[in-house]
Number of protein chains: 2
Amino acid sequence: MQLNAYTMKLRRDVFQALADPTRRAILLLLASQSMTAGAIAANFDSARPTVSKHLQILTECDLLAQEQSGREIHYFINGKKMKEVAEFIEPFRSMWEGRFSKLEALMKKYKI
Amino acid sequence: MQLNAYTMKLRRDVFQALADPTRRAILLLLASQSMTAGAIAANFDSARPTVSKHLQILTECDLLAQEQSGREIHYFINGKKMKEVAEFIEPFRSMWEGRFSKLEALMKKYKI
DNA sequence: AGATTAATTAGTAAATTAGTTAATGAGTCG
DNA sequence: CGACTCATTAACTAATTTACTAATTAATCT
């Protein structure tokens with residue numbers, strides 16, 4: 001079997017999915033409501049198959065789920081998957097919001 | 001609203017930097033203390049110039065800052081930049097932690 | 001049935017990325 | 001000064017990503 005971009009197993013994790021600005025815009029679009037592939041694509045300049053591909057990538061890594069109704073496919077966000085990203089940045093939170101963040105930064109820097 | 005290359009952020013941004021697992025590991029390493037390039041590289045199998053490149057990318061997008069001391073370069077995290085990621089995730093938070101997340105999801109889905 | 005619509009899959013080209021080894025720059029120390 | 005060390009830059013390759021047009025699948029409408 002010939003392997004191509006569609007059949008090959010590629011690296012697909014949440015962070016890689018978020019790396020593309022179009023995909024982030026899709027997620028923000030869907031934050032308020034679910035939409036069909038066509039309605040989503042209407043918000044972008046890219047060709048429809050391009051948006052379709054982005055939707056597939058987001059779905060593969062579980063950031064989106066789909067539900068077919070007739071010939072339309074509705075896409076909606078899987079909030080739980082976003083949690084993975086939130087958990088990654090959690091250890092850094094104190095670095096931008098704590099009162100003592102500057103002091104802490106210095107202490108870390110000089111390994112006190 | 002039409003989203004295009006003007007309204008979207010271009011490459012080499014925080015999200016693109018986080019897409020690589022080695023770079024995420026570097027950030028986690030530095031979460032507890034600053035380290036020299038050599039000490040960081042010692043934690044990975046990649047060749048040193050490879051790690052150096054990752055450090056450069058992380059520095060370019062301000063996730064890391066560097067400070068030279070003699071011939072060593074100390075790298076440390078710029079927590080504020082992480083905030084950008086946190087802010088992107090924020091609108092989705094209710095989707096994984098709210099009591100009513102399932103109900104909300106349904107309401108959004110059917111645009112009630 | 002035939003035409004239309006919604007969306008994906010296929011195939012291909014261009015750009016970007018991550019990795020390598022070799023070479024270079026710049027402190028440190030005998 | 002010359003050898004050694006820390007780290008980056010240069011040059012190159014292989015793999016991956018993103019994009020497009022054309023073709024296909026499947027549901028709906030007249």
Side-chain angles (χ1 to χ4, degrees), chain A residues 1-27 29-30 34-61 63-76, chain B residues 2-6 8-27 29-30 34-61 63-76:
Chain A
M1 175 188 162
Q2 190 86 24
L3 292 180
N4 56 41
Y6 286 88
T7 50
M8 265 189 299
K9 193 143 203 182
L10 303 171
R11 193 185 70 203
R12 288 268 182 264
D13 60 37
V14 184
F15 293 95
Q16 197 272 334
L18 289 179
D20 185 273
T22 301
R23 288 198 287 268
R24 290 199 299 279
I26 289 173
L27 291 171
L29 256 183
L30 294 176
S34 80
M35 293 170 81
T36 65
I40 294 166
N43 287 276
F44 299 93
D45 293 334
S46 306
R48 286 235 353 211
T50 305
V51 176
S52 209
K53 184 77 186 142
H54 283 308
L55 291 172
Q56 184 192 302
I57 289 169
L58 288 166
T59 305
E60 265 173 19
C61 76
L63 278 168
L64 292 186
Q66 46 185 196
E67 183 168 315
Q68 187 129 11
S69 98
R71 61 189 158 177
E72 292 178 336
I73 297 180
H74 291 261
Y75 284 90
F76 52 97
Chain B
Q2 197 84 21
L3 296 175
N4 57 37
Y6 286 100
M8 292 185 295
K9 264 200 168 164
L10 300 171
R11 300 228 77 83
R12 210 25 70 84
D13 62 9
V14 184
F15 293 95
Q16 198 273 331
L18 289 178
D20 185 273
T22 302
R23 289 198 286 268
R24 291 200 298 279
I26 289 173
L27 291 171
L29 255 183
L30 295 176
S34 81
M35 294 170 80
T36 65
I40 294 166
N43 287 274
F44 299 93
D45 292 334
S46 306
R48 288 236 351 215
T50 305
V51 175
S52 212
K53 218 170 204 174
H54 284 309
L55 291 172
Q56 186 191 302
I57 288 170
L58 289 166
T59 305
E60 262 172 23
C61 75
L63 278 167
L64 292 186
Q66 46 184 199
E67 183 166 316
Q68 187 128 14
S69 98
R71 60 190 159 178
E72 292 179 334
I73 297 180
H74 292 261
Y75 284 89
F76 53 97

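Sequence lines set the chain letters: A, B, ... in the order given, protein chains first and strands last, and positions in each chain run from 1.
Here the straight-line distance linking atom CD of A/Gln66 with atom OG1 of A/Thr36 works out to 12.5 Å at 0.5 Å rounding. Here B/Asn43 contributes atom CG and B/Leu29 contributes atom CG; the two are 4.5 Å apart, rounded to the nearest 0.5 Å. Here the straight-line distance linking atom CD1 of B/Ile73 with atom OG of B/Ser34 works out to 12.5 Å at 0.5 Å rounding. Annotation: the span from A/Leu55 atom CG to A/Leu63 atom CG amounts to 11.5 Å, rounded to 0.5 Å.
For C/dA18, neither phosphate oxygen OP1 nor OP2 lies less than 4.0 angstrom from any side-chain nitrogen or oxygen of B/Thr50. Listed pair B/Gln16 / C/dT16 fails the phosphate criterion, with no side-chain N or O lying under 4.0 Å from OP1 or OP2. For the OP1/OP2 pair of D/dT18 and a distance below 4.0 Å, the side-chain nitrogens and oxygens of A/Arg23 include at least one atom meeting the criterion. Within the structure, every side-chain polar atom (N or O) of B/Ser46 is placed at least 4.0 Å from both OP1 and OP2 of C/dA18.
Nearest heavy atoms, A/Ala41 versus A/Arg48: CB-CD, 3.6 Å. Taking both residues in full, the closest heavy atoms of A/Arg23 and A/Ala17 are given as NE-O, 2.7 Å, listed atom of the first, atom of the second, then distance. A/Tyr75 and A/Ala37 get closest at one heavy-atom pair: CE1-CB, 3.9 Å.
If you run side-chain contact (heavy atoms from CB on, under 4.5 Å) between A/Gln16 and each of A/Asp13, A/Val14, A/Asp20, only A/Asp13 comes through.
Looking at residues two or more places apart in sequence or on another chain, you find no side chain to side chain donor-acceptor pair (under 3.5 Å) involving A/Glu72.
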What does the list of N/O pairs under 3.5 Å between the protein and nucleotides 25-30 of chain C look like, with a distance for each?
| residue | atom | partner | partner atom | Å |
| --- | --- | --- | --- | --- |
| C/dG27 | N2 | B/Arg71 | NH1 | 2.7 |

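For the pair B/Leu64 CG and D/dT8 P, the interatomic distance rounds to 11 Å; values are reported in whole Å. Distance, A/Phe15 CZ to C/dT17 P: 18 Å, rounded to whole Å. Straight-line distance from the CE atom of B/Met35 to the P atom of D/dA7: 11 Å, rounded to whole Å. Note: CD (B/Gln66) to C1' (D/dT8) measures 10 Å, nearest angstrom. Straight-line distance from the CG atom of B/Asp20 to the P atom of D/dA15: 17 Å, rounded to whole Å. For the pair A/Arg48 CZ and C/dT9 P, the interatomic distance rounds to 13 Å; values are reported in whole Å. Distance A/Arg12 CZ to D/dA15 C1': 13 Å, rounded to the nearest Å. Rounded to whole angstrom, the span from the CD atom of B/Glu72 across to the P atom of D/dA7 amounts to 5 Å.
Counting non-hydrogen atoms under 4.0 angstrom, A/Tyr75 reaches the backbone sugars and phosphates but no base. In this structure, A/Ala47 reaches the bases: a heavy-atom distance under 4.0 Å links it to at least one base atom across the strands shown.
Only B/Ser52, B/Lys53, B/Gln56, listed by number, bring a heavy atom of residues 51-58 of chain B to less than 4.0 angstrom from any atom of DNA chain D.
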